[in-house]
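On a predicted model such as this, the values are computed, not experimentally measured, just so you know.
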Amino acid sequence: MKRLKFAIVSIFLLSLSTIGLNAQQSCYQIGLNEGKEIFNAAQRLEKSGKGVDAVPQYWEALRRFRLTRSCRDLPANHELDTWEDKSIKGITDGGGKINETTYLNASPRSLRFTENGGNLLITVNTNVNTWRVGNTPAWCTTRKSNNQLTVTCSKNTASTGRSEKLTIIANALTYEITIEQAGKTQVEISPSASVKITGLQFAGRYADGTSGNFGEKLYNNMTFLRPQITCNYLTKESKKIKLEYKILDPNGKLLSGPEYTYSEEINLRANLQQNDVLELSEWGVINGTAFAVTGKYTFEIWSSGVNMYSTAFEVLAKPLPPCEGIKITRVRFAGKLADGTSKGHGESLYNNMTFLLPRITLTNLTEDSKVFRLNFRILDPAGNLIAPITGNSWDKEMTINGNIQQVYEFDIPEWGSATGTSFEKAGIYQFEIWCSGKSIYTTSFEVMAPESQVQPQPKPKPSASSSGLKASVGIKAGLNLVNVSDETWADMRPDFHAGILFNLNFGHKGDKPGFFSLQPEVLYSRQGFKMDGEAINFDYITIPLMFKFYVYQGLNLEVGPWGAFLISVNPDSKAIDGMNIKLSDLKGGKDIGIAAGIGYDFNFGLILGARYQHGLSDMAGNLLWRNRVISISAGWKF
């Protein structure tokens, strides 16, 4: 069933892509082609012997043909009746059922005419071809064409507005639409003085046809932005005003243009309406590239050259599918024996083991909480899948919270048999983790003969004169002299760093280090700058990878890249050049750079060093800040 839903979604996305590529085609032709493609896909399934699986696609084709009836360019001699009949036959032949019900609605639900009257359209949505107009205001006339109803109203010469109901009838259903018309305008009021906008929020419409609710998060696969305003009308007379909208991307560039992104006319209602909610026209492009850049956008509403309202909205990166939003970093195994005892995770496994107990470590890559199912496969030393059930040995559904970069460790259900025959073959077993039909992690574990059959082997004694690879771990801490570049108003200030290191020396001989070492480090580093006497603190987890060259005994030169993760900022915001910068928005940012330095490693373990770190990436998209750090440290290698 999941594969079928995936196929339907794929066909729908392909249809949307076809719409973008064939913008010159008519609405009717596009809808007909989409329905035919889905219908043909269903027929191919039916011919392959999967008639039951084809039923949902016949339903999807039927829905597409019915939606196409609402196209304004629907021809008189269209093919929709024939194709709908074919789809219904495919549904019933495949064992599906048709539940036809009468439905009726129309858009918009109300029409507002100016005092001069004119023509406005109503779109009627019903499955009854013989729908008709019932009650009509005496000062209006109607004209029906397919699913469109044109309402024409005469000029209102009275100073007061008027309002009546227009009724649409389909079988036993009725639908009322309010027809309103403003009275004769007495005094002209400027548009900006006619309405006061008190709030503005947004919703997104996406390529898959879904729409978010107003106030929800917006993502960069959004095809259209939908604004909604809350406003107060400041006039007793209904009138129409023109609103013009500016959308500026995170770099301050006006979208579309040249002066405004887009504009529209809206009708102001009479009687000093308060806190009225009005959905504005949406804007975007169907291929979803208008808001591809993530960050904060500015939205401004203008009328007659007056900026009536300005706000901002943030566009986030498109959420990854659950399986792509995680990264498995390690799997460890333990064994359970027939007597109920268990080996610890990471200990040796033997072929008298009855059950395998895996423990998984994974990292959440996004801010979203997610539910996903992991499937596990075990292949014996001969490459055969053990106990295949629908292609997997066993599975488990997982739920994790939306903390980005959060590390989770959990045990999955044990697997094996009480007889101890599942792992009786000694050798290397392969362990695979799958998600949504895709392999996301593979490792192996060794199963050995029972301990009583294993003959201990003597370990070679190390020689003091031996040479080769030497590994050591250590700790270090010290002083930071920190600043940011390109900001002459920022002062250097002292701070600190501390952490651990791992040194891998090549060519070590006796007490003498080899010429070259590879030294990764993990450091907590407080950085930042001072401005107007106030310290600005940025707390990082910094990971340097240093290449060390020993030029004379313990004297060494080092160079290498580093990466850093910003974990906290203090204070949250700061006024800079009259502008309040929200520093807390930088939290979670990443930084990279290059470092170089000099040091001395003593034989007994003491290490001294000085290093310069040069940041290569901007800390913020609109601030030319790059980290500059001089660090002096001391430590000890064990």
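Heavy-atom minimum distance, Met398 versus Leu374: CG-CD1, 4.1 Å. Nearest heavy-atom pair, Asn275 versus Asn232, reported as atom, atom and distance to 0.1 Å: N-OD1, 2.7 Å. The heavy-atom pair separating Ala61 from Ser87 by the smallest distance is CB-OG, 3.9 Å. Taking every heavy atom of both residues into account, Cys323 and Ile326 meet most closely at O-CG1, 3.5 Å. Across every non-hydrogen atom of Gly118 and Phe113, the tightest pair is O-CE2, 3.3 Å. Here the closest heavy-atom approach between residue Glu264 and residue Ser281 is recorded as OE1-OG, 2.6 Å.
The closest side-chain heavy-atom distance from Cys231 to Tyr309 is not below 4.5 Å. With contacts defined as side-chain heavy-atom distances shorter than 4.5 Å, the pair Leu218/Tyr297 does not qualify. In this structure the side chain of Leu111 reaches within 4.5 angstrom of the side chain of Leu120, judged on heavy atoms. Trp131 has its side chain within reach of Ile168: a pair of non-hydrogen atoms, C-beta onward, lies under 4.5 Å apart. Contact check for Glu300 versus Tyr260: no side-chain heavy atoms found under the 4.5 Å cut-off. Phe65 places a side-chain heavy atom less than 4.5 Å from the side chain of Leu32. At a threshold of 4.5 Å between non-hydrogen side-chain atoms, the residues Ile88 and Leu62 count as touching. Counting heavy atoms from C-beta on, the side chains of Arg72 and Cys27 never come closer than 4.5 Å.
By the 6.0 Å contact criterion, NZ on Lys318 is open, its count of non-hydrogen atoms from other residues, nucleotides or ligands being 12 or less. Summarising the local packing, CD of Glu259 is surrounded by 12 or fewer heavy atoms from other residues, nucleotides or ligands at distances under 6.0 Å.
For Arg373 and Glu397, the salt-bridge test passes: some basic side-chain N is under 4.0 Å from an acidic carboxylate O. Ion pair Glu115/Lys184 not flagged as a salt bridge, since none of the NZ, NE, NH1 or NH2 atoms sits closer than 4.0 Å to an Asp/Glu carboxylate oxygen.
Listed for the Asn146 side chain is no donor-acceptor partner under 3.5 Å among the backbone atoms of Gln148. At distances below 3.5 Å, at least one donor-acceptor pair connects side-chain atoms of Gln181 with backbone N or O atoms of Ser154. Of the possible polar contacts, one joining the Glu216 side chain to the Asn213 backbone as a donor-acceptor pair under 3.5 Å is found. Side-chain atoms of Asn220 come within 3.5 Å of backbone atoms of Ala292 as a donor-acceptor pair (strictly under, hydrogens ignored). Looking only at distances, no side-chain donor or acceptor of Asn135 sits under 3.5 Å from a matching main-chain atom of Thr167. The closest donor-acceptor contact from the side chain of Glu282 to the backbone of Phe224 lies at 3.5 Å or more, if one exists at all. Using modelled atom types, no side-chain atom of Lys144 and backbone atom of Val133 make a donor-acceptor pair closer than 3.5 Å. Judged by distance alone, with hydrogens and angles left aside, the side-chain atoms of Tyr28 form no donor-acceptor pair with the main-chain N or O of His78 at under 3.5 Å. Of the possible polar contacts, none joining the Thr178 side chain to the Ser110 backbone as a donor-acceptor pair under 3.5 Å is found. No side-chain donor-acceptor contact under 3.5 Å links Asn267 to the backbone of Lys240.
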Show your working on side-chain hydrogen bond (donor to acceptor under 3.5 Å, both in side chains) between Lys370 and Asn364 and close with a plain yes or no.
-> CA-CA 9 Å; Lys370 51 184 71 69; Asn364 187 21; 2.5 Å; yes
Would Leu280 and Tyr245 satisfy side chain to side chain contact (heavy atoms under 4.5 Å, CB included), going step by step from the backbone distance to the final call?
-> CA-CA 10 Å; Leu280 304 177; Tyr245 312 118; 3.5 Å; yes
Residues Gln29, Asn33; criterion side-chain hydrogen bond (donor to acceptor under 3.5 Å, both in side chains); working and verdict = CA-CA 6 Å; Gln29 192 61 50; Asn33 290 342; 3.0 Å; yes
Using the side chain to side chain contact (heavy atoms under 4.5 Å, CB included) rule, take Val151 and Ile177 through it: C-alpha gap first, then chi angles, then the decisive distance, then the call.
-> CA-CA 11 Å; Val151 180; Ile177 296 176; over 6 Å; no
Side chain to side chain contact (heavy atoms under 4.5 Å, CB included) between Thr123 and Asn147, intermediate numbers included = CA-CA 6 Å; Thr123 300; Asn147 67 327; 3.8 Å; yes
Take Leu166 and Cys140, measure what side chain to side chain contact (heavy atoms under 4.5 Å, CB included) needs, and give me the verdict at the end.
-> CA-CA 9 Å; Leu166 181 145; Cys140 297; over 6 Å; no
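In this structure, Asn221 CG and Asn287 CG are separated by 12.0 Å, a value rounded to the nearest 0.5 Å. Distance CZ/Arg69 to CD/Glu84: 4.0 Å, rounded to 0.5 Å. Atom CD1 of Ile30 is separated from atom OG1 of Thr68 by 9.5 Å, given to the nearest 0.5 angstrom. Distance check: Lys196 NZ to Thr230 OG1 gives 13.0 Å after rounding to the nearest 0.5 Å. Taking CG of Asp73 as the start and OG of Ser26 as the end, the distance is 4.5 Å to the nearest 0.5 Å. To the nearest 0.5 Å, atom CG of residue Asn375 and atom NZ of residue Lys396 are 13.0 Å apart.
Ring pair Tyr219/Tyr206 is tilted by interplanar angle, where 30° to 60° counts as tilted. Between Phe313 and Phe291, the angle of the ring planes goes over 60°, which puts this pair in the perpendicular group of the 30/60° scheme.
The side-chain contact (heavy atoms from CB on, under 4.5 Å) check on Thr223 picks up Arg205, Ala207, with sequence neighbours excluded.
Using modelled atom types, one finds no donor on one side chain facing an acceptor on the other under 3.5 Å when comparing Thr114 with Asn116.
Side-chain rings of Phe39 and Trp83 approach one another, their centers coming within less than 6.0 Å.
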